[in-house]
Amino acid sequence: MHEFIYKDSFQRELYIEPSPSPHPGTASRRGGGEHPRGEGGRERAACVRACVPTLRRERAAIPEVRVGAAAAGAASGRAPLPSAPLGSPPPPRAAPLSRPAMTNFISVQLKKASEVDLAKPLCKFIQQSYPGGDAQAEHCRAAEELSKLRKNALGRPLDKHDACLDTLLRYYDQLCSIEPKFPFSENQVCVTFTWKDAFDKGSLFGGSVKLALASLGYEKTCVLFNCGALASQIAAEQNLDNDEGLKAAAKHYQFASGAFQHIKDTVLSALNREPTVDISPDTVGTLSLIMLAQAQEVFFLKATRDKMKDGIIAKLANQAADYYGDAYKQCQYKDTLPKEVFPVLAAKHCIMQANAEYHQSILAKQQKKFGEEIGRLQHAADLIKTVASRYDEYINVKDLADKINRALTAAKKDNDFIYHDRVPDLKDLEPIGKASLVKSTPVVVPLSQKFTDLFEKMVPLQVQQSVSVYNQRKADLVNRLIAQMREATNLANGVLASLNLPAAIEDVSGDTVPQSILNKSKSVIEQGGIQTVDQLIKDLPELLQRNKEILDESLRLLDEEETTDNELRTKFKERWQRTPSIELYKPLRAEGANFHSILNKAVQADGQVRECYQSHRDTIALLCKPEAELNAAIPSANPAKTLQGSEVVNVLRTLLAGLDEVKKEREQLENDMKAVNFDMTSKFLAALAQDGAINEEAISVTELDRIYGSYTQKVQESLKKQEELLKNIQNAHQDFSKMKQSNNESNLREEVLKNLAVANDKFVELVANLKEGTKFYNELTEILLKFQNKCSDIVFARKTERDELLKDLQQSIAREPSAPSIPLPTYQTTPAGGGKPAASSTPTPAPRTMVGAKPQPPARPPPPVISTASSSTASAPTGPAAAPAAPAAAPPVAPAPGVGASSTAPSQAQGPPYPTYPGFPGYCQMPMPVGYNPYMYGQYNLPYVPSPVFQNPGQPPYPASQQPGYPFPQQPYYPQQ
């Protein structure tokens, strides 16, 4: 005996070892709470002072062995209770001793998504935004792979396995990856995602509550909810008998908690509207706390299984109880979670608190605080009694209750017999500490280790927008520089034309066409002459009309959809809960107004071109004629032969040659500026990676200055050089005019030559403007077609959303209760005679079927008084005349107690009450009232025997003087022998 006690004491010092019982997981007889008090025990009881240390060591080891056994039982393979997801029916009542109380975990049900084709809208956006080629084809293939990934993640039932969870995580990671690369919105890449509420079961006339939004943030939120829900289901399926299962369960519960917490923090900003109940901040906040509590409970089970110190186990259990209590408080007065969750949370709170008190009582016993030990065990027993009485349908606590009760009984016996320590009140007990070993796992993308970005080569949308703005800045800068050079060239050509240069110094004979005019005429003829201008001007109205029709058709689609939306909004009022079309189409209408403005400006520009063409058409036509006709059209004059070879003419020729050189340099400079191409994608990507944002203006201005700074300087130098040359040309021409002999013929010839030079310049300008206008209209057509596609896509998406919303409204209207029936006036419900109320014309709904006790037959009447006359009558031979007399001879039967004249017929068909005896008439069965016995065959074909009892018409079929349920008069009653 002392050797056994020494072993137990040694085990206690090394802390809890496996039970020495030959059957692991069970307590020995001593561990069950019965102190073996034989003769030796009584002797020790007689000398308590001498034996207290030995008894303390002996009793101290027994509860610890029970703790090990209870921990092994809590983590044993005793048919773990299957965890039902939130929203499913409550589990059946557990059989006694069928499973431990610590394996009933809460899991969350998955949301269901409607099928969506992501490939089509994404491919359309890629084709519109990216040039054709290998990159575009690769992006389209990635869009198809994304659509397949969504179908695998959401389009089929998922097993409670890590592989299915990884599929969900990879889809969530891909959504986070494409979010900055595609403009998901109602007016750009419009994809409507429809999800059902995870906790709503729907009704008889309609499905469950669902929400459809064209928002990628909504899709991400719902997918992350499913990730957390599936993680909770996987954790609930883990085998808690080994360390691997415990670690996996704790990991998944903490991830689920982090997922729900992330939804709580981001759902309102992601949706910009009221979400469904299952993803509302209150609901997911409660779910996050529940998952955290269950993770803490898993750590408690592991600590119990590893036989850690009781003080640590108590703190872990107390922290888990605190988490469960907070979760219960959050959802106690809110109808957000299924009803069966509340009792489970309340029971878990009590159970974990009871475990904390139990293990703290062991620590108190080790510290020789026996009164505190009893107080804590009593509190634990009260908590378990509460669970057993209120929540036994959900959690079985019989094993835990037996363990606590055994420990309490043993502690009371020892205290009453040996220690006599005062048991403190519950409020006087020192609070148990708390130790949290869990925390919500933060959501950091990528969540899956197997994630590979399908759109890795596609730059983010922010970078695309920055590149687009940079290209616009670049185009504006280049166009401004080119416009400055062209304007300067036109100015120089105008000045030379007004001075009739270089024709004035080339006109030697006075009767031939100057060489410069011949060169200009040849150039005009090579470019098609006046026919080219006529054809270009003729094409402009057709291109303009085509663009107007495309724009008008696009706006017509928006107008029709907006009109329909306004009509439905007026009809359904506040039930029509979606973004108004007038607000949604503001960006598109602003874009359409911009296109209208551009077309109006183009029409004005076309008018100016026509006016210029009409004013110079005749001169341009003259340039297109052969040299002979052109020479005949130019007046002849006396040549200024004295000026040929003079210094003034040589100076003019030198200056004109310098001006021509400046023009050639400008053409080359213009081509060089157009050829510059610098990809800013890498710059913007680096800025985005470094700062998390892109300061497009600063980066673009810096790069444009670096690239085009030298070109800007060359343009300014060219303008200054031209200005000096024109000034010198004008001064030299003044000297030339003074030296030249002038007359009317020479003045007329010079005027014609000036007009021909101007006509050449106008022809070049007109052809350039008309070709640029044609190119503008063709490019605008492509832009307007994209705008039309955008409008048609959003109108189609709105139409689909409208049909879905109308369907939901019809279902919600069908689910609404009908209007209450109007009560009838009193004079219509009560007869004039004060009898039974008249039947109402309003149909009464069928009562709810209630499973009650089986209806009992009416009470048996007392035996009648048998007289001699009746006996003699009854013993007479049965004849034709005696048969009718038998009923009259029978005495009236007293009604049964409690049965009045208005008694109703019994609820079951009655047979003959007594057997037929020899010498007495047989029982003649009468037809039952119609509708009373639907299973009776041929009830209208039975013979009818008139009875003297039923005399007055309209009388009830069962008179008061007769036992209910017997339509024929009763036979004489004979007591059984």
Side-chain angles (χ1 to χ4, degrees), residues 108-119 121-122 125 142-143 145-155 158 164-186 188-198 210-232 255-281 283-285 287-288 440-448 450-456 458 460-462 692 797:
V108 185
Q109 202 169 12
L110 297 177
K111 291 174 68 69
K112 294 182 180 179
S114 299
E115 184 177 355
V116 174
D117 183 13
L118 288 175
L122 293 184
F125 174 80
E145 289 295 328
L146 177 62
S147 184
K148 293 180 182 178
L149 180 60
R150 186 184 194 274
K151 189 173 183 180
N152 291 334
L154 306 177
L158 297 178
C164 296
L165 178 60
D166 187 73
T167 303
L168 272 176
L169 295 179
R170 284 193 293 113
Y171 179 58
Y172 178 80
D173 292 338
Q174 191 62 65
L175 290 178
C176 296
S177 174
I178 68 172
E179 186 175 19
K181 299 179 181 180
F182 291 93
F184 282 91
S185 62
E186 292 184 349
Q188 294 188 41
V189 180
C190 185
V191 181
T192 302
F193 301 101
T194 304
W195 288 80
K196 294 183 179 180
D197 193 322
K210 59 184 177 181
L211 177 63
L213 288 179
S215 168
L216 187 66
Y218 176 53
E219 175 85 348
K220 286 173 53 183
T221 299
C222 295
V223 172
L224 186 59
F225 181 92
N226 275 11
C227 292
L230 185 58
S232 71
F255 169 77
S257 176
F260 293 134
Q261 183 64 34
H262 184 78
I263 296 174
K264 176 184 178 182
D265 298 336
T266 60
V267 62
L268 295 180
S269 60
L271 270 63
N272 292 324
R273 61 159 295 167
E274 189 69 21
T276 50
V277 177
D278 55 346
I279 58 174
S280 63
T283 304
V284 292
L287 292 177
S288 176
S440 300
T441 303
V443 177
V444 180
V445 178
L447 297 175
S448 173
K450 300 179 181 179
F451 169 68
T452 55
D453 190 2
L454 298 174
F455 298 90
E456 183 178 2
M458 180 182 288
L461 182 63
Q462 188 176 359

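Here the shortest heavy-atom pairing between Gly228 and Ala259 reads CA-CB, 4.1 Å. Residues Leu146 and Leu122 approach most closely at CD2-CD1, 3.8 Å, considering heavy atoms. Minimum heavy-atom separation, Phe455 to Ala143: CZ-N, 3.4 Å. Heavy atoms only, all atoms of each residue included: Phe255 and Cys227 are closest at CE2-O, 3.9 Å. Shortest non-hydrogen contact noted between Ala153 and Leu168 is O-CD2, 3.7 Å. Between Ala270 and Thr221, the shortest heavy-atom contact is CB-OG1, 4.0 Å.
The main-chain N or O of Val277 is found under 3.5 Å from a side-chain atom of Thr283 such that the two form a donor-acceptor pair. Of the possible polar contacts, one joining the Asp173 side chain to the Leu447 backbone as a donor-acceptor pair under 3.5 Å is found. Listed for the Thr192 side chain is no donor-acceptor partner under 3.5 Å among the backbone atoms of Ala212. Between the Ser288 side chain and the Val284 main chain, no donor and acceptor come within less than 3.5 Å of each other. Here the side chain of Tyr218 pairs a donor or acceptor atom with the backbone of Leu211 at under 3.5 angstrom.
Put simply, the residue from Leu454, Leu169, Val445 that forms a side chain to side chain contact (heavy atoms under 4.5 Å, CB included) with Gln174 is Leu454.
Atom CG of residue Leu287 and atom CD1 of residue Ile263 lie 9.0 Å apart, to the nearest 0.5 angstrom. Atom CD of residue Gln109 and atom CG of residue Asn226 lie 10.0 Å apart, to the nearest 0.5 angstrom. Rounded to the nearest 0.5 Å, atoms OG1 (Thr194) and CG (Leu213) are 8.5 Å apart. A distance of 5.5 Å separates CZ in Phe260 from OG in Ser232, rounded to the nearest 0.5 Å. Taken to the nearest 0.5 Å, the CG atom of Leu110 stands 12.0 Å off from the SG atom of Cys222. Glu456 contributes atom CD, which lies 8.5 Å from atom OG of Ser177 (distance to the nearest 0.5 angstrom).
Residues Val267 and Ser280 fail the side-chain proximity criterion, which asks for heavy atoms closer than 4.5 Å. For the pair Leu154/Tyr171, a side-chain contact is recorded, criterion being any heavy-atom separation below 4.5 Å from C-beta on. Using a 4.5 Å heavy-atom cutoff, the side chains of Phe184 and Cys190 are not in contact. Taking 4.5 Å as the limit, some side-chain heavy atom of Ile178 sits within range of a side-chain heavy atom of Leu216. Side-chain contact between Phe193 and Leu118 is present, with at least one heavy-atom pair separated by less than 4.5 Å. In this structure the side chain of Trp195 never reaches within 4.5 angstrom of the side chain of Ile279, judged on heavy atoms.
In this structure, the salt bridge (charged side-chain N to carboxylate O under 4.0 Å, His left out) partners of Lys111, at least two apart in sequence or on a different chain, are Asp278. Looking at residues two or more places apart in sequence or on another chain, you find a salt bridge (charged side-chain N to carboxylate O under 4.0 Å, His left out) between Asp453 and Lys181. In terms of the salt bridge (charged side-chain N to carboxylate O under 4.0 Å, His left out) criterion, residue partners of Asp166 (sequence neighbours excluded) are, by chain and number, Arg170. Every residue two or more places apart in sequence or in another chain was checked for a salt bridge (charged side-chain N to carboxylate O under 4.0 Å, His left out) with Glu145, and none qualifies. Residues meeting the ring pair (Phe, Tyr, Trp, His ring centres under 6.0 Å) test with Phe125, sequence neighbours left out: Phe182.
For Thr266 and Ser269, the side-chain atoms include no donor-acceptor pair closer than 3.5 Å. Looking only at atom types and distance, the side chain of Ser440 has a donor-acceptor partner in the side chain of Ser257 under 3.5 Å away.
Listed by first and then second residue, the salt bridge (charged side-chain N to carboxylate O under 4.0 Å, His left out) pairs involving residues 215-232 are Arg150-Glu219, Glu179-Lys220 (not counting sequence neighbours).
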